[in-house]
Every structure is written in C-alpha cells, then in structure tokens.
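The structure that follows is given in the form of structure tokens.
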Amino acid sequence: MNKKHSTALREGIKDGIPIGLGYFAVSFSLGIAARNAGLTALQGFLASLSTNASAGEYAAFIIIAADAPYLEMVLVTLITNARYLLMSCALSQKFSPDTPLYHRLLVGYDVTDEIFGITIARPGILDPFYNYGAILVAAPAWATGTALGIIAGNLLPLRIVSALSVALYGMFIAIIIPPGRKNKVIAALVFISFAASYGASVLPFLSSLTDGTRTILLTVLISAAAALLFPAAGKENTEHDA
C-alpha cells in the first residue's frame, strides 16, 4: 500500500467512526426485530455484516417471522434497497477509468446512505481505500449492534432506543450542511428534497409506496431537474484527462 492509499484509509477510518457509532445505536433496535423473528445473535451478526441495510434487513426479518418463501424475500429486499443502485451509479462516475474491477466490487459491498454521503462529498477522483477505511468501522459496528440487540432483547426502554437512533440523522445532516453553505444551489436542492420527501409521505398515491421507491422517484426527478437547470462544468474530469 502506497502513502496515498494509506492516507485515504486513515481518513476513511476517521470519518467512519461517527457513522459506526450511529449504526451501532440503530442496529441495536434492529436486533430486537431479529430476535422476534427467531434469529440467534450469530445469525443476526452475519445477516447485518453481509447486508448492512436497515429498511431491507427489517423487511427481511419480518418476512422470516412470517415464514414467507425465499422469492418474496428477494423481491422485497430488492425493492426496498433499490436506491443503492442509484448511489452506486453516482459513485462509479468518481472512479478513475483504470480502477480494477475488484476495487469497484468491494466498494459496492457497503454503499449505504451515510458512507455514500461522505464519499460523494470528497473532491476529485475516488480512492477506494477511503471507502475501505469507513467500511472497516461502520460494518462491524452495524453487525455488532444487531447481535447485542438480539441478546439484550427488550431490556432497554423503547424511548432510549429511539433516542439513540436520532444521532444517525444528526450525523447525516452534518454531512450535507457544509456543501450547502458553500453552494446556494445545493442548499436549495436540499431544502426542496426535504419538502418533497415530506409531501410524498402524505400524498394519497405516493404515501402508499415503500420508502425506497419514494426515495428513488424523488432522487431521479430532483437530480434530473438540477442537472438540466444547473449543469456541472466537468472540471474534475477535465483535470483528470489532462
């Protein structure tokens, strides 16, 4: 590993620590759902380590509890987690053209909302070792929280678990605020996204869709409108090609 990759790895670990703490709190409550589905601590740990998707895992645990067929589980988790396809497409644009396939696959293993947020906000070409650093902290924290949630069961009051979960949303806001302060267009788009997300959750037809489906629709519409109205200059790509 050269010095550049080593630096990126350390930066990823540093930025991944608050994400890991938030994941631990959220996955603890997820572990309670896993226990209700009959999973052991080891099974919950492996499920979270291999999946790392709150809504998708929760849906999977509900399906397991209902003893539904595997095909239904595949379809539900695919729909619930479909927004990660959009995030992966966005991240792929930040890779250097000569980035090996195995790096792309390893980064794609853990494309979550928060890791995507800190990664996409970094300027220049994406160094996969930055993602590796964040994943080294975030993924074990998520899996460990799930396992401990299964072990603890319902020992903690629901209010405490819900309060711990708020920390993750606060951290995600901290990711998007700095770019918004630097760019008024980004700030406006963030506000529009918040308003549109709330509106979609209460409107008759849109509110009946899953959270993942609503996220995909809003992401495509808002990002497409932003790309048409405020096209990027392509400065990073020009510098790389030069």
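For reference, positions follow the sequence shown, starting with 1.
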(request) Sort out for me which residue in R10, K4, K3 forms a side-chain hydrogen bond (donor to acceptor under 3.5 Å, both in side chains) with S6. (result)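 Result: among R10, K4, K3, R10 is the only option passing the side-chain hydrogen bond (donor to acceptor under 3.5 Å, both in side chains) with S6.
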(message) Side chains of V137 and Y23, heavy atoms from C-beta outward: is any pair under 4.5 Å?
(response)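 A side-chain contact is absent here, since even the closest heavy-atom pair is not under 4.5 Å.
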(message) Looking at N2, I want to see if its CG is surrounded by more than 12 non-hydrogen atoms of other residues, nucleotides or ligands under 6.0 Å.
(response)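 Counting neighbours around CG of N2, more than 12 heavy atoms of other residues, nucleotides or ligands fall under 6.0 Å, so yes.
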(request) Spell out, as yes or no, whether a donor-acceptor pair under 3.5 Å connects the side chain of S201 to the backbone of Y198. (result)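 Side chain of S201 to backbone of Y198: a pair is present.
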(message) Quick check: do N131 and L126 have side-chain heavy atoms less than 4.5 Å from each other?
(response)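 In contact.
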(message) Tell me whether I64 shares a hydrophobic cluster with L42, the cluster being built from Ile, Leu, Val, Met, Phe, Trp, Tyr side chains joined at under 4.5 Å.
(response)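 Same hydrophobic cluster.
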(message) Side chains of D15 and Y130: any donor to acceptor distance under 3.5 Å?
(response)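 Yes, D15 and Y130 have a side-chain donor paired with an acceptor closer than 3.5 Å.
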(request) Assign the ring pair F28 / F24 to parallel, tilted or perpendicular, where the plane angle (0 to 90°) is split at 30° and 60°. (result)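 Because their plane-to-plane angle lies in the 30° to 60° range, the rings of F28 and F24 count as tilted.
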(request) For residues F129 and E11, determine if any side-chain heavy atom of one lies less than 4.5 Å from a side-chain heavy atom of the other. (result)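 Side-chain contact under 4.5 Å: no.
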(request) Decide yes or no for I150 and T40: does some side-chain heavy atom of the first lie under 4.5 Å from some side-chain heavy atom of the second? (result)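 In short, these two side chains do not touch, never coming nearer than 4.5 Å.
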(request) Answer yes or no: does atom CZ of F191 have more than 12 heavy-atom neighbours from other residues, nucleotides or ligands under 6.0 Å? (result)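 No.
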(message) A side-chain contact here means heavy atoms from C-beta on lying under 4.5 Å apart; do P128 and F95 qualify?
(response)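 Contact flag for P128/F95 side chains = yes.
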(request) Measure the shortest side-chain to side-chain distance between T144 and L148 over non-hydrogen atoms and say whether it is less than 4.5 angstrom. (result)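 A side-chain contact under 4.5 Å exists here.
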(message) So T7 and D127, do their side chains get closer than 4.5 Å, heavy atoms only?
(response)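 The answer is no; the side chains never approach within 4.5 Å.
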(message) Looking at S48 and F45, would you say the former's side chain and the latter's main chain have a donor-acceptor pair under 3.5 Å?
(response)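 Judged by distance alone, no pair lies under 3.5 Å.
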